Protein chains: 2
Amino acid sequence: MTEAGKLANGARRRRRAPRGQGEKLREEILAAAERLLLETGDQGAVSIRAVADAVGVTPPSIYLHFADKTALMFAICERHFARLDLDLEKAAAGSEDPLESLRLRGRAYVQFGLDHPEEYRILFMTTPASTPEEWKDERMMQRPAFSHLVEAVQTAVDAGAIRAENPMLVSFGLWAAMHGLTSLFVAKPGLFLVNGEALIDHVLDVQIAGLGVTSGPPAGAAPHRSAPAAPRRPARRTALPGR
Amino acid sequence: MTEAGKLANGARRRRRAPRGQGEKLREEILAAAERLLLETGDQGAVSIRAVADAVGVTPPSIYLHFADKTALMFAICERHFARLDLDLEKAAAGSEDPLESLRLRGRAYVQFGLDHPEEYRILFMTTPASTPEEWKDERMMQRPAFSHLVEAVQTAVDAGAIRAENPMLVSFGLWAAMHGLTSLFVAKPGLFLVNGEALIDHVLDVQIAGLGVTSGPPAGAAPHRSAPAAPRRPARRTALPGR
DNA sequence: TGTACATCAGTGAACGCGCGTTCACTGATGTAC
DNA sequence: TGTACATCAGTGAACGCGCGTTCACTGATGTAC
């Protein structure tokens with residue numbers, strides 16, 4: 001039995017919310033869980049018990065506001081997903097030029113991952129097995145963060161800044177490239193021997209330059225003196241996603 | 001108490017190895033753990049107990065051959081890392097042309113991730129906190145799989161096929177791009193609405209084309225009619241890895 | 001102004017689970033004499 | 001050829017742990033009369 005007014009860990013117990021304001025605890029739980037996620041940098045360390053402790057409340061209280069642990073984890077992500085879109089839109093608005101706008105978007109994306117590594121991991125680096133229905137697979141593509149990217153690509157295509165027969169494909173490609181950088185930063189913080197900023201710039205340079213040249217029929221594709229453009233090889237059959 | 005000759009799960013008990021061949025169990029453990037990892041697709045499901053059961057042996061026996069669970073997990077990866085390098089080298093040898101060779105390398109990389117998703121996850125998508133010393137950070141860059149990539153890039157530069165002031169930077173960029181694709185395939189198998197093969201080809205096209213154009217001073221960088229090349233913006237200060 | 005009562009935010013204790021790991025031990029196999 | 005013994009691959013039982021979740025309950029707060 002713990003001393004009255006104290007929790008197991010010795011922290012002060014939270015004051016009970018007045019009558020109509022039970023919803024306040026929900027917010028406190030979310031905030032505490034978010035903080036834990038960032039501090040520990042470990043999704044596994046964010047247990048129902050740990051969150052309850054951090055809020056100053058007992059574990060069962062969590063269930064007054066969240067159906068189960070998964071619901072809690074994804075409530076956190078819901079917020080960050082909305083924020084990601086906001087960040088990207090704000091960054092993209094930084095330039096009128098479609099290409100530069102795409103660059104800004106790309107940089108903001110990586111920055112988001114650096115600012116919220118654990119959330120990024122949950123959103124984009126975890127297996128769908130632990131993902132609730134509404135977060136599955138295709139549903140993610142219909143989120144604003146992605147559809148806004150597709151629109152931005154389309155804008156650049158319309159302006160003639162990049163050539164694209166298929167804006168969706170280009171969007172996926174851009175996303176994959178930035179995600180590659182971001183997820184490596186997140187998973188292996190000490191990995192890159194080169195300057196991180198320079199690497200981001202380089203990847204964006206290559207993307208932008210490459211998109212101006214290719215992604216249509218490979219007409220004037222060969223710049224500099226280079227070997228002849230590689231022939232499209234027949235698709236190797238494998239367990240690839242997509243149609 | 002379980003029936004003699006049976007295990008808890010009812011599976012046949014493995015025959016004890018003859019005198020000098022205790023090492024055989026080590027191989028069997030590795031094989032079983034690998035199989036479990038692939039079947040369940042869940043690193044968490046591969047427990048010491050589960051592996052022991054699969055081999056037909058009791059949990060303590062595992063400790064005759066591996067110091068702890070981490071040692072076991074990374075012994076599995078050690079094998080796959082070696083195999084990744086092998087796959088890449090074999091694929092790259094498929095063409096004399098430096099650019100095409102790079103493409104083949106890239107495709108083989110993605111293929112490796114598709115063939116061994118859980119191992120890929122452990123190698124490249126997990127946090128360093130759970131990574132033993134010799135797998136940390138920079139050490140990974142000294143592995144053959146990466147140094148071979150750097151050499152391949154250098155070869156392409158020497159042939160004049162791509163322009164690169166810094167082959168290391170280019171290698172990281174290529175790796176990041178392919179890793180982006182691979183890790184999304186691994187983490188979100190149903191995510192991509194577009195054809196997977198086409199996406200891989202597209203990303204490679206963009207990379208190769210972009211590398212021919214940029215990565216030096218952005219001289220003749222603007223193809224087609226496009227907005228003027230974006231000025232190098234000053235580095236935003238943040239918690240970026242690298243120097 | 002006082003009191004009985006309904007509401008509801010939260011508690012306390014316990015559940016069953018699977019985990020990694022340790023420790024003293026067994027018993028078949030091979031060897032020395 | 002027979003027997004005592006050393007070796008060592010593997011066992012059986014238990015340890016303590018933290019986890020997600022459930023259930024009957026409490027007690028401060030506000031309201032009706």
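Labels below follow one simple rule: chain letters A, B, ... track the order of the sequence lines, proteins then strands, and each chain is numbered from 1. Being a predicted model, the structure only gives us computed values, none of them experimental.
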Engineer: For Ile76(B), is there any backbone N or O sitting under 3.5 Å from a side-chain donor or acceptor partner on His80(B)?
Structural biologist: yes
Engineer: Just how far, in rounded Å, is C1' of dT7(D) from CG of Leu64(B)?
Structural biologist: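 These atoms are roughly 14 Å apart.
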Engineer: Could you tell me whether Glu118(B) and Arg121(B) have a side-chain N and a carboxylate O separated by less than 4.0 Å?
Structural biologist: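 Salt bridge between Glu118(B) and Arg121(B), a charged N being under 4.0 Å from a carboxylate O: yes.
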Engineer: Go through the steps for Arg107(A) and Ile200(A) under the test side-chain contact (heavy atoms from CB on, under 4.5 Å), then give the verdict.
Structural biologist: CA-CA 7 Å; Arg107(A) 285 203 128 257; Ile200(A) 299 175; 4.3 Å; yes
Engineer: Going by the angle between their ring planes, with limits at 30° and 60°, are Phe146(A) and Phe172(A) parallel, tilted or perpendicular?
Structural biologist: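 Rings of Phe146(A) and Phe172(A): tilted, as their planes differ by 30° to 60°.
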Engineer: Which listed nucleotide (dG20(D), dT21(C), dG10(C)) is nearest to the side chain of Tyr63(B)?
Structural biologist: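 Of all the options, the side chain of Tyr63(B) is nearest to dT21(C).
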Engineer: Quick one: on DNA chain C, does Ala67(B) or Arg15(B) contact a more 5' nucleotide (nearest heavy atom)?
Structural biologist: Ala67(B)
Engineer: Verify, without hydrogens or angle tests, whether Lys90(A) (side chain) and Ala108(A) (backbone) share a donor-acceptor contact under 3.5 angstrom.
Structural biologist: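 Not a single qualifying donor-acceptor pair exists.
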Engineer: Between Arg16(B) and dC8(D), does any side-chain N or O lie under 4.0 Å from OP1 or OP2?
Structural biologist: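 Negative; the distance criterion is not met.
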Engineer: Using modelled atom types only, decide if a donor and an acceptor are shared between the side chain of Thr126(A) and the backbone of Ile122(A) within a distance under 3.5 Å.
Structural biologist: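 A pair under 3.5 Å: yes.
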Engineer: Once you round it to whole Å, what is the distance between P of dA9(D) and CD of Glu23(B)?
Structural biologist: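 These atoms are roughly 8 Å apart.
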Engineer: Quick check, are the ring centers of Phe74(B) and Phe81(B) under 6.0 angstrom apart?
Structural biologist: no
Engineer: Should Ser61(A) be listed as having a side-chain N or O under 4.0 Å from OP1 or OP2 of dT11(C)?
Structural biologist: yes
Engineer: Compute the ring centroids of His179(A) and Phe185(A), then answer whether they are less than 6.0 Å apart.
Structural biologist: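 Ring centres of Phe185(A) and His179(A) not closer than 6.0 Å.
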Engineer: If I take atom CZ in residue Arg14(A) and atom P in nucleotide dT11(C), what distance separates them, rounded to the nearest angstrom?
Structural biologist: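 From Arg14(A) CZ to dT11(C) P: 8 Å.
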Engineer: Atom NZ of Lys69(A) to atom P of dG20(D): distance rounded to whole Å?
Structural biologist: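 Rounded to whole Å, this separation is 4 Å.
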Engineer: Which sits closer to the 5' end of DNA chain C, Pro18(B) or Ser47(B), going by the nucleotide each is nearest to?
Structural biologist: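 Residue closer to the 5' terminus by nearest nucleotide: Ser47(B).
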Engineer: What integer distance in Å separates Arg49(B):CZ from dA14(D):C1'?
Structural biologist: 10 Å
Engineer: If you check the Pro60(B) side chain, which of dG12(D), dG20(D), dC19(C) turns out closest?
Structural biologist: dG12(D)
Engineer: Taking a pair as Watson-Crick or G-U wobble with both distances under 3.5 Å, which nucleotide is matched to dG27(C)?
Structural biologist: dC8(D)
Engineer: Considering only nitrogen or oxygen atoms on both sides, find all protein atoms under 3.5 Å from nucleotides 3-6 of chain C and state each distance.
Structural biologist:
none

Engineer: To the nearest Å, how far apart are Asp42(A) CG and dC19(D) P?
Structural biologist: 11 Å
Engineer: Of the nucleotides dT21(C), dT11(C), dG12(D), which has the atom closest to the Thr58(A) side chain?
Structural biologist: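 Among the listed nucleotides, the one closest to the side chain of Thr58(A) is dT11(C).
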Engineer: Rounded to the nearest angstrom, tell me the gap between atom CG in Leu72(B) and atom C1' in dC19(C).
Structural biologist: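 In whole Å, dC19(C) C1' lies 15 Å from Leu72(B) CG.
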Engineer: Can you tell me the base-pairing partner of dT1(D)? Count Watson-Crick or G-U wobble geometry only, both distances below 3.5 Å, and say none if there is no partner.
Structural biologist: none
Engineer: If each of Ala50(A) and Ala17(B) is mapped to the nucleotide of DNA chain D with the nearest heavy atom, which maps nearer the 5' terminus, i.e. the 5' end?
Structural biologist: Ala17(B)
Engineer: For dG16(C), give the paired nucleotide (Watson-Crick: N1-N3 plus N6-O4 or O6-N4; G-U: N1-O2 and O6-N3; both under 3.5 Å), or none.
Structural biologist: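 When the pairing criteria are applied, dC19(D) turns out to be the nucleotide that pairs with dG16(C).
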Engineer: Please report the distance, rounded to the nearest Å, between CG in Asp53(A) and C1' in dG18(D).
Structural biologist: 12 Å
